[in-house]
Number of protein chains: 2
Amino acid sequence: MRDKLATNRILVGDCVQLMRDMPAGSVDVVFADPPYNLQLSGDLMRPNHTRVDGVDEDWDRFQDFQTYDRFTRDWLDAARHTLKDDGTLWVIGSYHNIFRVGAILQDLGYWVLNDIIWRKSNPMPNFKGRRFANAHETLIWASKSKDSKYYFAYEAMKALNEDLQMRSDWTLPLCTGGERLRDETGQKAHPTQKPESLLFRVLMSSTKVDDVVLDPFFGTGTTGAVAKRLRRRWIGIEREHTYARLANERIAQVEEVAEPELLEVTSKRTQPRVPFGNLIERGYLKPGTMLFDQRRRHIAKVRADGTLVAQNHLGEHKGSIHKVGAAMQGLPACNGWTFWHFQQDGSLSPIDVLRQQVISERH
Amino acid sequence: MRDKLATNRILVGDCVQLMRDMPAGSVDVVFADPPYNLQLSGDLMRPNHTRVDGVDEDWDRFQDFQTYDRFTRDWLDAARHTLKDDGTLWVIGSYHNIFRVGAILQDLGYWVLNDIIWRKSNPMPNFKGRRFANAHETLIWASKSKDSKYYFAYEAMKALNEDLQMRSDWTLPLCTGGERLRDETGQKAHPTQKPESLLFRVLMSSTKVDDVVLDPFFGTGTTGAVAKRLRRRWIGIEREHTYARLANERIAQVEEVAEPELLEVTSKRTQPRVPFGNLIERGYLKPGTMLFDQRRRHIAKVRADGTLVAQNHLGEHKGSIHKVGAAMQGLPACNGWTFWHFQQDGSLSPIDVLRQQVISERH
DNA sequence: TCATGGTCTGAATCACTAC
DNA sequence: AGTAGTGATTCAGACCATG
């Protein structure tokens with residue numbers, strides 16, 4: 001069976017049909033980046049009156065949830081047919097579609113191993129201030145069934161993460177700059193190209209050299225590019241000729257690495273900052289607590305939302321610890337963490353010591 | 001209807017029945033931490049051969065996905081009955097159940113606003129090294145329907161995050177130490193007690209002072225404790241008397257934030273509107289006064305009826321401060337309050353400061 | 001060559017009121 | 001119910017022009 005499987009090539013056509021035609025149990029890993037069913041309506045403008053270039057391609061339009069569910073069930077079922085019994089499936093999505101994908105793959109008998117959060121270091125903001133900034137996407141990693149003996153490169157993942165177990169949240173930047181494929185006019189070639197760093201971690205964690213990776217929504221071929229670099233075999237399925245042509249050109253330029261395990265990794269473990277508000281949420285400081293500068297010349301009161309309120313001869317000042325510290329001193333700027341102190345057993349300590357406690361909790 | 005709703009108390013019993021009996025459209029926010037359907041089989045052992053004290057309660061056992069789905073549909077539907085049209089729902093879960101919860105709530109007509117990742121700073125490691133360390137849980141935030149005018153404390157969230165808009169990933173520690181409720185023998189009283197910091201952020205972002213928060217899986221009452229502290233009204237539903245008793249004792253000890261004004265959040269959106277003409281009526285600006293943009297590239301004259309007149313290479317423009325500001329810049333829109341400035345002692349100030357004076361005069 | 005400042009952009013379910 | 005008017009709203013990072 002194995003040698004019948006043509007790898008390292010793109011099949012152009014409908015992925016459900018093409019996967020059903022593949023030999024059963026021939027693929028080690030499926031990575032799928034299906035349409036998200038975003039249901040966007042109308043234009044979104046930035047505050048500077050420019051238009052956001054959103055996803056409005058035909059392939060992301062579905063009549064309703066029922067239609068999307070049928071589509072999802074079909075391709076997940078066909079993908080299951082191609083998978084070896086010990087193979088695993090990856091799917092990436094957002095809150096628009098990921099719940100439906102997850103529930104359907106559970107119904108089909110897949111066994112969820114992890115849900116993984118791609119925490120974007122540079123997401124698009126929420127321009128209208130109506131929701132939390134949507135700063136992540138979700139991947140589901142699942143084995144073909146509950147009892148399958150799937151592969152997981154535990155040690156490699158730990159090494160990638162400074163000798164700490166790799167967690168289920170990955171902080172990685174978007175695909176921008178030189179990595180982003182563009183057409184002749186400089187426009188992005190594909191609206192949802194994924195960063196190679198994401199596929200690197202997916203393939204390093206769940207495949208071995210020479211394993212076969214199938215991507216039924218190949219797009220511009222990020223999966224193939226990273227698979228080739230890591231000496232995995234790959235099969236891409238893509239409906240649109242334009243994307244397939246771009247992917248072929250792209251992958252042709254990729255060079256394989258001699259020893260994948262020696263690859264240098266961009267592990268951007270950027271520690272999230274600690275906002276002052278966290279100290280209140282976590283009970284280190286209560287709303288109403290008084291803060292002082294070191295010599296007790298200035299005094300401010302903590303509010304529930306993490307701002308301070310204080311008064312001096314110029315009037316009342318409300319805002320961040322930094323802004324109020326600056327205003328009270330009549331200075332253009334101030335580091336509130338070292339300026340403001342809290343009282344403990346009669347003596348004053350800078351609020352920075354509380355921040356250090358929060359950071360140390362995080363390891 | 002409002003005064004019929006008994007708040008700040010725990011109802012002991014089945015949440016589906018009790019929610020159905022509540023008056024329709026009476027609750028501002030539902031926060032739910034339902035059973036996760038963990039499907040643990042057998043005991044999990046640490047490397048040092050001690051047993052992990054996992055969730056092994058009767059209430060977390062369901063025969064199959066179908067049974068869990070029916071349960072989920074029932075309580076989500078009953079919760080929808082209690083919600084005001086502009087109310088919102090929060091649900092927390094893990095990959096065991098969150099896909100089913102998310103898909104079902106979408107099917108019921110809820111409209112997902114965000115999925116939120118609770119990124120645990122101190123998660124339990126994966127002891128067997130067979131998966132990624134499960135270091136997060138997922139919350140879904142949804143409005144009752146697509147068109148509802150839900151409440152979101154955008155400015156408060158931004159303030160909590162040092163003046164950057166709050167993202168969809170929240171890094172917070174587990175509930176441990178003194179915050180964790182324990183029984184007489186020192187055992188944790190509830191296996192899945194959530195940290196108060198998590199509820200703080202949930203309630204600060206989506207409720208106002210005196211709003212009603214309903215928690216149908218109340219457990220040991222974290223939602224009630226934080227709601228009381230933040231001066232929100234709360235209703236808890238809990239099936240087990242033991243948990244309800246512990247929750248009552250716990251909440252009785254909670255102190256409300258002493259000064260309600262510390263809980264106030266300010267938002268430009270909720271300020272009363274002031275027509276520009278009011279500034280002229282009240283003598284803040286005289287007809288004939290010249291207004292400028294910040295760099296003095298544009299100039300306009302105030303007319304007695306509260307409109308402006310200005311000229312540029314495209315011709316003469318008359319109309320509101322916004323229309324004329326937009327026309328002068330060749331933009332589709334413009335906020336005239338911040339664009340136009342008046343001269344005072346040689347320096348320019350935005351006319352917005354005059355609007356603020358009018359608002360503060362009115363209290 | 002380096003520092004600085006302006007511009008552009010990324011899977012986005014992104015306003016509300018009065019007439 | 002549809003339309004028009006008011007006026008609220010963005011973060012990180014790459015790239016480019018300028019000094």
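Sequence lines set the chain letters: A, B, ... in the order given, protein chains first and strands last, and positions in each chain run from 1.
Between B:S320 and D:dT6, a side-chain N or O to OP1/OP2 separation shorter than 4.0 Å is present. Dashed line: the shortest gap from a side-chain N or O of A:K188 to OP1 or OP2 of C:dG10 is under 4.0 Å. In terms of phosphate contacts, A:K194 brings no side-chain nitrogen or oxygen within less than 4.0 Å of OP1 or OP2 of C:dA11. Within the structure, every side-chain polar atom (N or O) of B:K149 is placed at least 4.0 Å from both OP1 and OP2 of C:dA15. Side-chain nitrogen and oxygen atoms of B:Y154 include at least one within less than 4.0 Å of the OP1 or OP2 phosphate oxygen of D:dT10. Phosphate contact (OP1/OP2 of C:dC16, side-chain N/O of B:R273, threshold under 4.0 Å): absent. For the OP1/OP2 pair of D:dG7 and a distance below 4.0 Å, the side-chain nitrogens and oxygens of B:H322 include at least one atom meeting the criterion. One finds no side-chain N or O of A:R131 lying less than 4.0 angstrom from the OP1 or OP2 phosphate oxygen of D:dT9. Between B:N335 and the phosphate of D:dA8, there is a side-chain N or O to OP1/OP2 separation shorter than 4.0 Å. Put simply, A:N126 has no side-chain N or O that comes within less than 4.0 Å of OP1 or OP2 on C:dA12.
Within 6.0 Å of atom CZ in B:R303, more than 12 heavy atoms from other residues, nucleotides or ligands are found, so the atom counts as buried in its surroundings.
Which of D:dG7, D:dG5, D:dG13 sits closest to the side chain of B:K323 comes down to D:dG5. In the set C:dA12, D:dG7, D:dC11, D:dG7 carries the atom at the smallest distance from any side-chain atom of B:A333. Comparing C:dT13, C:dA11, D:dA8 against the side chain of B:K268 picks out D:dA8 as the nearest. Side-chain proximity of B:Q165 to the nucleotides D:dC11, C:dT13, C:dG10 is greatest for D:dC11. Of the candidate nucleotides C:dA12, D:dT9, D:dT6, C:dA12 has the atom lying nearest to any side-chain atom of A:Y95. Closest contact between the side chain of A:L174 and the listed nucleotides D:dA12, C:dG10, D:dG5 involves C:dG10. Here the nucleotide nearest the side chain of A:K128, chosen from D:dT9, C:dG10, D:dG7, is D:dT9.
Base pairing of C:dG6: its partner is D:dC15, meeting the Watson-Crick or G-U wobble criterion (both donor-acceptor distances under 3.5 Å). Pairing of D:dT6, defined by two Watson-Crick or G-U wobble distances under 3.5 Å, is identified with C:dA15.
For C:dT4, the glycosidic angle deviates from 0 by more than 90°, giving an anti base.
At a threshold of 4.0 angstrom between heavy atoms, the contacts of B:C334 include nucleobase atoms, whether or not backbone atoms are also involved.
Under the 30°/60° scheme for interplanar angles, the aromatic rings of B:W141 and A:F132 are found to stand perpendicular. Using cut-offs of 30° and 60° on the angle between ring planes, the pair A:W59 and A:H190 is parallel.
Between A:P125 and A:Q187, the one whose closest nucleotide on DNA chain C sits nearer the 5' end is A:Q187.
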